[in-house]
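Okay, so here's the structure we're looking at.
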Amino acid sequence: MTSTVPAAASLNKFEKLKVEKDGLATKAELEEFAKIGWEAMDETDRDHRLKWLGVFFRPVTPGKFMLRMRLPNGIVTSGQMRVLAEVLQRYGEDGYGDVTTRQNIQLRGIRIEDIPDIFSRFEQAGMTSVQSGMDNVRNITGSPVAGIDADELIDTRGLCRKVQDMITNNGEGNPSFSNLPRKFNIAIAGCRDNSVHAEINDIAFIPAYKNDVLGFNVLVGGFFSAKRCDAAIPLNAWVDPRDVVAVCEAILLVYRNHGLRANRQKSRLMWLIDEWGVDRFRAEVEQQMGHTLQPEAEKDEILWAKRDHIGIHAQKQPGLNYVGLHVPVGRLFASDMFDLARISEVYGSGEMRLTVEQNILIPNVPDSRIAPLLKEPLLERFSINPSTLGRSLISCTGAQFCNFALVETKNRALALTADLDAELHVPRAVRIHWTGCPNSCGQPQVADIGLMGTKVRKDGKTVDGVDLYMGGTVGKEAKLGTCIQKGIPCEDLLPFLRNLLIQNFGASLRTETATPPQ
């Protein structure tokens with residue numbers, strides 16, 4: 001299969017670098033890169049093409065790279081987590097792991113000299129980072145309680161794995177899908193609560209019955225970018241679970257062959273759907289598949305408010321539970337990862353589940369093991385009962401490691417939330433999302449309160465600030481929020497958010513309420 005691209009004269013610089021050499025070709029050059037070091041590498045290979053292997057050069061940490069894993073459905077074994085911890089342990093204070101909003105883990109502090117050895121370790125552990133960056137399909141998300149939720153409709157684990165294997169050629173790298181016009185997200189929902197944020201994915205599969213057969217309605221085109229943010233729309237198609245992989249392949253091929261490439265800010269799938277109309281887009285997908293798709297079911301099975309899975313929950317397997325741990329803004333150190341691997345083995349089945357809220361679940365914990373698990377020192381930080389505001393706090397990487405971010409996010413978000421928790425009693429969870437720049441990796445548009453980093457002028461000086469988003473909802477009636485105020489200096493955020501929480505979310509000052517601190 002070959003890619004259809006515009007004439008060379010209309011190609012932007014990223015399309016040109018892809019024409020010159022497929023990013024996957026750098027896989028054969030890793031030993032040479034490790035030998036010569038990051039400073040001697042061709043800049044285009046170093047800064048861009050390595051992302052096809054999940055290796056990201058970060059100018060804010062010269063000589064240290066970020067590695068983005070592929071963990072379909074957010075599932076990782078204790079052995080795999082231990083390998084990730086061992087990789088991080090070598091790099092001292094610069095080594096971090098971050099749970100992402102795509103049920104994934106990113107490793108920081110990696111040297112190019114060690115990439116060949118690290119990739120060998122990944123292969124032995126059954127992991128890969130291939131095609132996890134740039135114009136590729138990102139981590140395939142699914143229900144974090146797949147296979148263990150008593151009210152589950154469809155187990156998404158196998159489907160997520162099959163879709164990933166198709167896209168990546170079983171982790172070896174697949175040139176058929178390494179030249180998409182832009183990045184691409186796929187989610188497969190298996191429960192009734194939209195735990196995958198279906199509306200913000202390029203393809204989302206939503207459980208739905210048709211003629212008493214359980215399959216999926218298909219949504220397409222959801223995305224966030226600096227240029228535009230849109231919720232996914234119905235493809236007017238229902239598919240049997242056996243056809244999920246084929247539908248993903250067909251949509252990706254249509255997008256690869258016909259997606260817009262001249263303007264990189266107008267290259268996501270929704271721009272093509274806008275240009276064609278959804279009816280023509282569906283017809284092209286059907287032509288690619290070789291048969292028509294059934295019309296969508298009249299209703300889907302997303303019926304509940306969104307769950308965050310934190311705390312202790314009974315599984316459908318009698319006598320077993322999953323325990324949801326709150327990981328503040330998803331930040332992990334190597335020691336945390338070693339502890340999580342051990343805990344999952346001692347108290348569970350040696351498995352962990354990641355969530356799009358940047359948290360971790362320990363499944364398959366017997367009733368008799370709950371009490372000793374709760375005494376583990378790690379659970380003092382990774383709580384099963386976090387503060388009201390901390391519970392739903394999300395943050396992107398921020399300026400500490402990301403050169404796109406305009407402000408620091410993770411550390412600032414934690415400090416500010418701690419101050420607000422100390423001052424306020426908040427009667428219900430409030431989802432606060434931080435993102436360092438308009439690329440919206442922290443997804444402020446789906447939050448109750450979304451904060452997007454920017455630079456503002458105050459007292460004649462340029463300082464860190466945020467734009468405020470509100471109105472985002474998740475669950476059955478998911479919708480995107482909008483920007484309602486621009487340019488709030490970060491140093492003014494504490495009183496600003498205090499007043500906002502009191503006025504809009506029923507919060508009260510602790511000195512004015514009998515409710516004890518949580």
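Given the structure is predicted, the values throughout are model-derived calculations rather than measurements.
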Under 3.5 Å donor-acceptor, [X] side chain and [Y] backbone:
X	Y	value
His313	Val323	no
Ser383	Leu379	no
Ser78	Ser344	no
Trp434	Ile394	no
Lys410	Ser395	yes
Thr435	Cys396	no
Glu408	Gln400	yes
Thr355	Asn359	yes
His433	Ala447	no
Gln317	Gly147	yes

Using a distance-only test with no angle check, is there a side-chain donor-acceptor pair under 3.5 angstrom linking [X] and [Y]?
X	Y	result
Asn174	Thr168	no
Asp421	Ser387	yes
Arg102	Asn201	yes
Glu199	Asn194	yes

List in chain and number order the residues that pass side-chain contact (heavy atoms from CB on, under 4.5 Å) with [X], two or more places apart in sequence or in another chain; answer none if no residue qualifies.
X	value
Arg182	Asp135, Tyr255, Arg264, Gln265, Ser267, Arg268
Val407	Thr409, Arg412, Asp464
Ala208	Asn217, Trp238, Ala297, Asp300
Leu414	Pro328, Val329, Leu393

Between atom [atom1] of [X] and atom [atom2] of [Y], what is the distance when rounded to the nearest 0.5 Å?
X	Y	atom1	atom2	answer
Phe205	Ile188	CZ	CD1	6.0 Å
Leu53	Ile115	CG	CD1	9.0 Å
Ser132	Gln164	OG	CD	9.5 Å
Cys160	Gln103	SG	CD	7.5 Å
Ile310	Phe382	CD1	CZ	12.0 Å
Asn139	Asn185	CG	CG	9.5 Å

If we only count heavy atoms from C-beta on, is the [X] to [Y] side-chain gap below 4.5 Å?
X	Y	value
Leu361	Ile148	no
Leu252	Glu249	no
Phe122	Thr128	no
Ile154	Pro241	yes
Leu219	Pro234	yes
Leu468	Cys483	no
Asn73	Leu159	no

Apply side-chain hydrogen bond (donor to acceptor under 3.5 Å, both in side chains) to Ser440 and list each qualifying residue two or more places apart in sequence or on a separate chain.
->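 With sequence neighbours excluded, Ser440 shows a side-chain hydrogen bond (donor to acceptor under 3.5 Å, both in side chains) to Gln445, given in chain and number order.
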
Check: For Arg46, what residues pass the side-chain hydrogen bond (donor to acceptor under 3.5 Å, both in side chains) criterion, not counting sequence neighbours?
Finding: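 Arg46: no side-chain hydrogen bond (donor to acceptor under 3.5 Å, both in side chains) contacts found.
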
* Would you please name every residue forming a ring-ring contact (aromatic ring centres under 6.0 Å, His included) with Phe56, sequence neighbours left out? =>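 Testing Phe56 for ring-ring contact (aromatic ring centres under 6.0 Å, His included), a comparison that skips the adjacent residues, returns none.
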
Quick one: salt bridge (charged side-chain N to carboxylate O under 4.0 Å, His left out) pairs with a partner in [range], sequence neighbours left out?
range	value
residues 142-155	Asp149-Arg307, Glu152-Lys316, Asp155-Arg157
residues 374-396	Asp308-Arg391, Asp336-Arg381, Arg342-Glu376
residues 163-181	Lys27-Glu172, Arg161-Asp165
residues 68-84	Arg82-Glu345

- Which residues pass the salt bridge (charged side-chain N to carboxylate O under 4.0 Å, His left out) test with Asp240, sequence neighbours left out?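 Once residues adjacent in sequence are excluded, the partners of Asp240 under the salt bridge (charged side-chain N to carboxylate O under 4.0 Å, His left out) criterion are Arg242.
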
ask   = When the aromatic ring centroids of Phe223 and Phe184 are compared, is their separation below 6.0 Å?
value =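 No, the ring of Phe223 stays outside the 6.0 Å limit from the ring of Phe184, centre to centre.
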
Exercise for review: Determine, step by step, whether Phe177 and Asn136 satisfy the side chain to side chain contact (heavy atoms under 4.5 Å, CB included) criterion, reporting the C-alpha distance in whole Å, the side-chain angles of both residues, the deciding distance to 0.1 Å, and the verdict.
Suggested key: CA-CA 7 Å; Phe177 299 111; Asn136 289 280; 5.7 Å; no

Run the side chain to side chain contact (heavy atoms under 4.5 Å, CB included) test on Asp98 and Leu332 for me, step by step, so that the C-alpha distance in whole Å, both residues' side-chain angles and the decisive distance to 0.1 Å come before the verdict. CA-CA 6 Å; Asp98 286 324; Leu332 298 170; over 6 Å; no

Leu374 and Ile312: CA distance, side-chain angles, deciding distance, side chain to side chain contact (heavy atoms under 4.5 Å, CB included) verdict: CA-CA 10 Å; Leu374 298 184; Ile312 302 167; 4.0 Å; yes

### Task
Look at Arg369 together with Asp367 and state whether they make a salt bridge at an N to O cut-off of under 4.0 Å.
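Salt bridge absent between Arg369 and Asp367.
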
Is the closest basic N to carboxylate O distance between Arg353 and Glu351 below 4.0 Å?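 Glu351 and Arg353: salt-bridged.
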
TODO: Would you please classify the geometry between the Phe14 ring and the His48 ring as parallel, tilted or perpendicular, with 30° and 60° separating the classes?
DONE: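 Correct class here is perpendicular.
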
Query - Positive for ring pair (Phe, Tyr, Trp, His ring centres under 6.0 Å) with Trp38, one of Phe65, Phe57, Phe33 - result: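 Checked Phe65, Phe57, Phe33 against Trp38; only one passes ring pair (Phe, Tyr, Trp, His ring centres under 6.0 Å): Phe57.
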
